[in-house]
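Only a predicted model underlies this, so the values are computations on that prediction, with no experimental measurement involved. Values below: all heavy atoms of this structure, side chains included; hydrogens, waters and symmetry mates excluded.
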Amino acid sequence: MLTMDVATQIFEILKRPGNRHLTQVDFRPILRELLATHPGLKFLQNTPEFQDRYAETVIYRIFYHMNRSGNGRLTRRELKRGELISAMQQADEEDDINKVLRYFSYEHFYVIYCKFWELDTDHDFFIDRENLIRYGNHALTYRIVDRIFSQAPRKFAGDVEGKMGYEDFVYFMLSEEDKSSEPSLEYWFKCIDLDGNGVLTPNEMQFFYEEQLHRMECLALEPVLFEDILCQIIDMVAPEREDCITLQDLKGSKLSGNVFNILFNLNKFMAFETRDPFLIRQEREDPTLTEWDRFAHREYIRLSMEEDVEDASNGSADVWDESLEAPF
């Protein structure tokens, strides 16, 4: 094995004998070791359930970004192409796990898990359509949520009818909060491509936009007609053909994520229309951060502040009001 490159060595060590790929289970020993030895994760040692949740989330994030076929079998080629090995090396050298933004950040896990816990009102570890509609302050349309639950973008890992499990939620949330990444573009493209023929037509886009238009009218916002929106989308994406948009067209444009926000996320559509110049400047100053990194950082600060307020109102950090039962 000494003659092999690092990626091949890691691949050979992790995979089970006779297999030609890695599965989620193959990553568990690495996460167990990381949780047992990393100084940035020591505080979790008395909460084994949380260690398990953290490990699961890291593994789901790895497969979301690297297993592009989505079949749960990570090939050596996929391992070499991705950023996992450099992220593992960074986790090895960096005492602050939150600085390892790719996959391993505890803050990122905390944000994902808190969001899931918040929506999973009966805490059965599944969420349904009505739960997901509440995501992001009711940001999404019913039509897009129906497409997610029809399993158009991704077959659910669980087998409970009409319910989305934690793994499916991680895929959804990563796609929703960073629509510039390739896995996200693929996820939402499958949602909008109603007939599954590999192109988005004006009719398909209009089907989703109709609900946005209705919401604008209900909120007494000045409605923007679909004809104008279509021109805006064509300008953003500059597709090869004007009568349809392909996945390649979307991957070739830096503004593609906004197309999906226009079609089914009213909050983000409005935010894009009234962009804050300060935020735009911030993004230019640090282009290394992804949309996901920025979102997770903002959310973590918000959640921490809420927790501080909750602790203060309870008089002590150790006393929990049963009605405010925390996920930890």
Quiz prompt | Polar side-chain atom of Asp120 near backbone of Phe125 as donor-acceptor pair, under 3.5 Å | solution = yes

Quiz item: Do Gln212 and Asn265 get their side chains close enough for a donor-acceptor pair, meaning under 3.5 Å?
Solution: no

Exercise. Using a 4.5 Å cut-off on heavy atoms from C-beta on, say whether the side chain of Thr75 contacts that of Glu78.
Key: yes

Practice problem: List in chain and number order the residues that pass side chain to side chain contact (heavy atoms under 4.5 Å, CB included) with Met270, two or more places apart in sequence or in another chain; answer none if no residue qualifies. | Solution: Met216, Leu221, Leu266

Practice problem: Taking the side chain as every heavy atom from C-beta outward, state whether Tyr187 and Leu174 have any pair of such atoms under 4.5 Å apart. | Solution: no

Quiz item: Any side-chain heavy atom of Glu182 within less than 4.5 Å of one from Arg68?
Solution: yes

Exercise. Name all residues meeting the side chain to side chain contact (heavy atoms under 4.5 Å, CB included) criterion together with Glu33; count only those two or more places apart in sequence or in a different chain, and write none if there are none.
Key: Thr37

Exercise. Classify the ring geometry between Trp188 and Phe264 as parallel (under 30°), tilted (30 to 60°) or perpendicular (over 60°).
Key: tilted

Quiz item: Can any side-chain N or O of Arg28 pair as donor or acceptor with the backbone N or O of Glu56 at less than 3.5 Å?
Solution: no

Can you give the donor-acceptor pairs under 3.5 Å from side chains of residues 151-162 to other protein atoms, not counting sequence neighbours?
residue, atom, partner, partner atom, Å
Gln151, OE1, Phe156, N, 2.9
Arg154, NH1, Asp168, OD1, 2.9
Arg154, NH2, Glu167, OE2, 2.9

Quiz item: Would you say Ser256's side chain and Ser253's backbone share a donor-acceptor pair under 3.5 angstrom?
Solution: yes

Quiz item: Is a side-chain donor-acceptor pair under 3.5 Å present for Thr57 with Tyr166?
Solution: yes

Exercise. Flag yes if more than 12 heavy atoms outside Asn46 fall under 6.0 Å of its CG atom; otherwise flag no.
Key: no

Quiz item: Are Met236 and Leu225 co-members of a hydrophobic cluster defined by side-chain heavy atoms under 4.5 Å apart?
Solution: no

Self-check item: Heavy-atom closest pair, residues Asp228 and Val224
Solution: CB-CG1, 4.2 Å

Exercise. Could you tell me whether the side chains of Arg241 and Thr246 share a donor-acceptor contact shorter than 3.5 Å?
Key: no

Quiz item: Does the pair Leu200 and Cys244 meet the rule for a side-chain contact (heavy atoms from CB on, under 4.5 Å), with working shown?
Solution: CA-CA 5 Å; Leu200 306 185; Cys244 64; over 6 Å; no

Exercise. Using distance alone, with no hydrogens and no angle criterion, decide if Arg134 and Thr121 have a side-chain donor and acceptor under 3.5 Å apart.
Key: no

Self-check item: Chi angles and distances behind the salt bridge (Lys or Arg N to Asp or Glu O under 4.0 Å) call for Lys268, Glu176
Solution: CA-CA 10 Å; Lys268 288 187 179 178; Glu176 171 54 27; 3.3 Å; yes

Quiz item: Other than Val25, what residues sit in its cluster of Ile, Leu, Val, Met, Phe, Trp and Tyr side chains whose heavy atoms are under 4.5 Å apart, directly or through others?
Solution: none

Exercise. Could you list the residues that satisfy side chain to side chain contact (heavy atoms under 4.5 Å, CB included) with Leu35, not counting sequence neighbours?
Key: Leu41, Leu44, Gln51, Tyr54, Ala55

Quiz item: Is there any salt bridge (charged side-chain N to carboxylate O under 4.0 Å, His left out) pair reaching into residues 193-217, and which pairs are they, with sequence neighbours excluded?
Solution: Arg143-Glu210

Quiz prompt | Sub-6.0 Å ring centroid separation between Phe43 and Tyr106 | solution = yes

Exercise. Applying salt bridge (Lys or Arg N to Asp or Glu O under 4.0 Å), name anything that partners Arg302, two or more places apart in sequence or on another chain.
Key: Glu299, Glu306

Exercise. May I ask you to decide if Ile59's main-chain N or O and Gln24's side chain share a donor-acceptor pair within less than 3.5 Å?
Key: no

Exercise. Just do the salt bridge (Lys or Arg N to Asp or Glu O under 4.0 Å) check on Glu291 and Lys179 with the steps written out, would you?
Key: CA-CA 8 Å; Glu291 278 182 42; Lys179 294 193 180 81; over 6 Å; no

Quiz prompt | Closest non-hydrogen atom pair between Phe169 and Ile127, with its separation | solution = CD1-CD1, 3.5 Å

Quiz item: Between Phe116 and Leu303, is there a shared hydrophobic cluster once you connect ILVMFWY residues whose side-chain heavy atoms come closer than 4.5 Å?
Solution: yes

Self-check item: Under 3.5 Å side-chain donor-acceptor pair for Tyr64 and Ser175
Solution: yes

Quiz item: Got a sec, which residues hit side chain to side chain donor-acceptor pair (under 3.5 Å) with Ser69, two or more places apart in sequence or on another chain?
Solution: Asn67, Asn71

Quiz prompt | Same apolar cluster: Ile13 and Ile10, side chain cutoff 4.5 Å | solution = no

Quiz item: Minimum heavy-atom separation for Cys191 to Ile144, with atom names?
Solution: CB-CD1, 3.7 Å

Practice problem: Verify the cluster assignment for Leu219 and Leu263: are they in a single hydrophobic cluster under the rule of side-chain heavy atoms below 4.5 Å apart? | Solution: yes

Quiz item: Between Asp95 (side chain) and Pro39 (backbone), is there a donor-acceptor pair under 3.5 Å?
Solution: no

Exercise. Search all heavy atoms of Leu132 against all heavy atoms of Met164 and return the closest pair with its distance.
Key: CD2-CE, 4.1 Å

Exercise. Check whether any side-chain N or O of His38 sits under 3.5 Å from a backbone N or O of Ala91 as a donor-acceptor pair, and report yes or no.
Key: yes

Quiz item: What pairs of residues pass the ring-ring contact (aromatic ring centres under 6.0 Å, His included) test when at least one of them lies in residues 9-35, not counting sequence neighbours?
Solution: Phe27-Phe63

Exercise. Quick one: closest heavy-atom pair of Ser105 and Asn98, and the distance?
Key: OG-OD1, 3.5 Å

Self-check item: Partner residues of Asp178 under the salt bridge (Lys or Arg N to Asp or Glu O under 4.0 Å) criterion, sequence neighbours left out
Solution: none

Quiz item: Yes or no on salt bridge (Lys or Arg N to Asp or Glu O under 4.0 Å) for Asp5 and Lys80, after CA distance, side-chain angles and deciding distance?
Solution: CA-CA 10 Å; Asp5 59 84; Lys80 281 186 175 180; 3.3 Å; yes

Practice problem: Please name all residues satisfying side chain to side chain contact (heavy atoms under 4.5 Å, CB included) with Lys42, sequence neighbours left out, ordered by chain then number. | Solution: Gln45

Quiz item: Between Asn137 (side chain) and Ala139 (backbone), is there a donor-acceptor pair under 3.5 Å?
Solution: no

Exercise. State, to 0.1 Å, how close Asn131 and Phe126 come at their nearest heavy-atom pair, and which atoms those are.
Key: OD1-O, 4.3 Å

Quiz item: Is there a path from Leu213 to Ile262 through hydrophobic residues (I, L, V, M, F, W, Y) whose side chains come within less than 4.5 Å of each other?
Solution: yes

Self-check item: Side-chain hydrophobic cluster, 4.5 Å single linkage: members besides Leu2
Solution: none

